[in-house]
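Written out below as structure tokens is the structure these notes cover.
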Protein chains: 2
Amino acid sequence: MFTLAEENYLKAIYHLEKESKSGVSTNAIAVKLNTQPSSVTDMVQKLAHKKVLSYQKYKGSFLTKEGKKIATNVIRKHRLWEVFLVEKLKFQWDEVHEIAEQLEHIKSEELIKRLDAFLDHPDFDPHGDPIPDENGNIKPTEKKLLSELQKDQRGICVGVKESSSQFLQYLDTRNIGIGTTIKVVDKEEFDDSMTIQVGETQLHITDKIAHNLYINTN
Amino acid sequence: MFTLAEENYLKAIYHLEKESKSGVSTNAIAVKLNTQPSSVTDMVQKLAHKKVLSYQKYKGSFLTKEGKKIATNVIRKHRLWEVFLVEKLKFQWDEVHEIAEQLEHIKSEELIKRLDAFLDHPDFDPHGDPIPDENGNIKPTEKKLLSELQKDQRGICVGVKESSSQFLQYLDTRNIGIGTTIKVVDKEEFDDSMTIQVGETQLHITDKIAHNLYINTN
DNA sequence: TTTAATTTTTAGTCTTGTCTAAACTTATGG
DNA sequence: CCATAAGTTTAGACAAGACTAAAAATTAAA
Ligand SMILES: [Mn+2]
Ligand SMILES: [Mn+2]
Ligand SMILES: [Mn+2]
Ligand SMILES: [Mn+2]
């Protein structure tokens, strides 16, 4: 059995591993979890001992198959709870992360099985992130960053990379959400900003925004 | 803010206080929480320092107003989650306690407010226990133990005193649940056992059963 | 290829919550 | 009313997780 703290470490390392392509550095984990590097060293040594990750001094950490299983299961629970909070309890999509951060640690296989059924086996959470199945499999989805689109290309917003409250509320006020059709009207090479069409209105956005919206172009 | 362990202590002491009428003994808390008396002494001293209970060496503990507020709030959350698990996720009434024991510690006022609304502001949990309101008020209900009924008296089962899996499953197999009408057909003075009528069938029960069923006679 | 900067680990402490063993109070029964 | 039992508290220890300060390894710069 894994503690709340251990689960949080495994989840963080899982996410970092996807970005970094190599071993996950102690510092990166510390930044993500808002702790000190020395605390991370202690924990990864313990987790290595428990065989959920491999670790070599100064070389960083890799999750083992077992570690990935646990991480994806926590992520599955997190995202299912987020769906519950938005779909059933009518929370806004920017309000659910904190609460799901707690709920993801509730221990009961049966609970998650039933929650999943209650929610009609959703494939994505309210931020467009895919929900892993019971075995940790995540079906790959067609999506690119809005910043990768060319002038005059259009697509549907299928997710957000960042999901901070500030960003989500920014999107809310501009009527951008999952499912919204977005067309690139113009791109400015100099600062990577672009003008986009959302419904009837045109909107000028910075590259920071464009780099955090996932688009499906089909 | 109170930790999970502190909340469990406050809840346990709250329940024990209702039974004992005087100060709650260190031993009683230890038994209820499955810990050692020495651990309890440490904790009640800490909680006394935090002003949620009053404690005198060798004299036991009393919750303060503040302590009762926290305890009833945890109980409110526990029971609301139990309703959710049974009403929405279709768990059996004997399967929900363990899970609610974890869920009761999730921290979010808003979550509970919305959960309560989602469940249509229930007054009782699946075991017939009343759900305290946001201020900790519990509306008193008319109920007595089945063992207190006289021969030929009848009433409706409105709750269980014990809620162990064994007992609840015993009731299930005999078609006794919340809302079931029960009539006392006969009482045996010698061993306090009784014969009761449930629907079409008669049933002989021991005093242990009769002492754990709450009945409303109106 | 040394030196300096950065990253990581170790050593030592702390808090929370638990335990055992021993000491101390209170309650009981002769 | 005193001796023993029962209940309770203290003393000392431990595991989990965190932190600070200092040492060591790695990387980058000169
Ligand atoms: Mn978490
Ligand atoms: Mn999400
Ligand atoms: Mn609990
Ligand atoms: Mn209950």
Side-chain angles (χ1 to χ4, degrees), chain A residues 1-13 16-17 19-63 67 70-71 74 101-102 104-107, chain B residues 1-13 16-17 19-63 67 70-71 74 101-102 104-107:
Chain A
M1 201 49 51
F2 289 81
T3 65
L4 186 147
E6 289 170 337
E7 288 186 346
N8 281 339
Y9 272 90
L10 291 172
K11 189 173 64 135
I13 295 167
L16 291 168
E17 209 166 25
E19 310 286 281
S20 66
K21 259 78 186 176
S22 68
V24 178
S25 80
T26 298
N27 256 13
I29 301 169
V31 168
K32 177 148 255 190
L33 291 178
N34 222 338
T35 56
Q36 296 310 119
S38 53
S39 307
V40 174
T41 300
D42 284 349
M43 184 57 98
V44 295
Q45 286 175 349
K46 187 171 60 156
L47 291 174
H49 200 256
K50 282 191 161 193
K51 311 282 190 203
V52 288
L53 57 78
S54 66
Y55 161 78
Q56 292 180 84
K57 270 186 175 191
Y58 299 102
K59 297 289 173 56
S61 306
F62 297 84
L63 293 186
I70 295 160
V74 174
E101 204 61 40
Q102 299 176 60
E104 72 189 1
H105 303 291
I106 301 292
K107 268 144 188 86
Chain B
M1 202 49 51
F2 289 82
T3 66
L4 186 148
E6 290 171 337
E7 288 186 345
N8 281 338
Y9 272 89
L10 291 172
K11 188 173 64 135
I13 295 167
L16 290 168
E17 208 166 26
E19 310 287 279
S20 66
K21 259 79 185 174
S22 67
V24 178
S25 81
T26 298
N27 256 12
I29 299 169
V31 168
K32 176 147 255 191
L33 292 179
N34 222 339
T35 55
Q36 296 311 119
S38 54
S39 307
V40 174
T41 300
D42 284 349
M43 183 58 98
V44 296
Q45 285 175 350
K46 186 171 61 155
L47 291 174
H49 200 255
K50 281 191 162 193
K51 310 283 190 202
V52 287
L53 57 78
S54 65
Y55 161 79
Q56 291 180 84
K57 272 186 174 189
Y58 299 103
K59 298 289 173 58
S61 306
F62 297 84
L63 293 185
I70 294 159
V74 175
E101 206 60 40
Q102 299 176 61
E104 72 189 2
H105 303 290
I106 301 291
K107 267 139 190 88

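Each chain gets a letter, A, B and so on, in the order the sequences are listed, and its residues count up from 1. Keep in mind it's a predicted model, so treat the numbers as computed, not measured.
The side-chain heavy atoms of A/Thr35 and A/Tyr9, taken from C-beta on, include a pair separated by under 4.5 Å. The side-chain heavy atoms of A/Ile106 and B/Ile106, taken from C-beta on, include a pair separated by under 4.5 Å.
A close approach under 4.0 Å does occur between a side-chain nitrogen or oxygen of A/Tyr9 and OP1 or OP2 of D/dA18.
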I'd like to know whether B/Glu101 forms a side-chain contact (heavy atoms from CB on, under 4.5 Å) with B/Lys11, so could you lay out the CA-CA distance, the side-chain angles of the two residues, the decisive distance to 0.1 Å, and finally the verdict.
CA-CA 11 Å; B/Glu101 206 60 40; B/Lys11 188 173 64 135; 2.7 Å; yes

Which is it for B/Lys57 and B/Thr41 under the side-chain contact (heavy atoms from CB on, under 4.5 Å) test, yes or no, and what are the steps along the way?
CA-CA 9 Å; B/Lys57 272 186 174 189; B/Thr41 300; over 6 Å; no

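Of the candidate nucleotides C/dT10, C/dC19, D/dA18, C/dT10 has the atom lying nearest to any side-chain atom of A/Gln45. Here the side chain of B/Tyr55 is nearest to one of D/dC19, C/dT9, D/dT9, namely D/dT9.
Residues from residues 22-32 of chain B placing a heavy atom under 4.0 Å of any atom in DNA chain C do not occur.
Checking A/Ile29, A/Ile13, A/Asn27 one by one against A/Val40, the side-chain contact (heavy atoms from CB on, under 4.5 Å) holds for a single residue, A/Ile29.
On a pure distance criterion of 3.5 Å, a polar donor-acceptor pair joins the side chain of B/Ser38 and the base of C/dT20. At a cut-off of 3.5 angstrom, counting only N and O atoms as typed in the model, there is no donor on one side facing an acceptor on the other between the side-chain of B/Thr41 and the base of D/dT10.
Between the P atom of C/dT16 and the NE2 atom of B/His49 lies a distance of 12 Å, rounded to the nearest Å.
Across all strands shown, A/Thr35 has heavy atoms under 4.0 Å from sugar-phosphate atoms exclusively, and none from any base.
Side-chain N or O atoms of B/Glu7 include none that pairs as donor or acceptor with a backbone N or O of B/Val74 at under 3.5 Å.
Residues B/Gln56 and A/Gln36 both approach DNA chain D. Their nearest nucleotides, taken by heavy-atom distance, put B/Gln56 toward the 5′ side.
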Pairs: protein N or O with nucleotides 23-28 of chain C N or O, under 3.5 Å:
unit_1 : atom_1 : unit_2  : atom_2 : d
C/dT25 : O4'    : B/Tyr58 : OH     : 3.2

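Rounding to the nearest 0.5 angstrom, the gap separating the NE2 atom in A/His105 from the CD atom in A/Glu6 is 11.5 Å.
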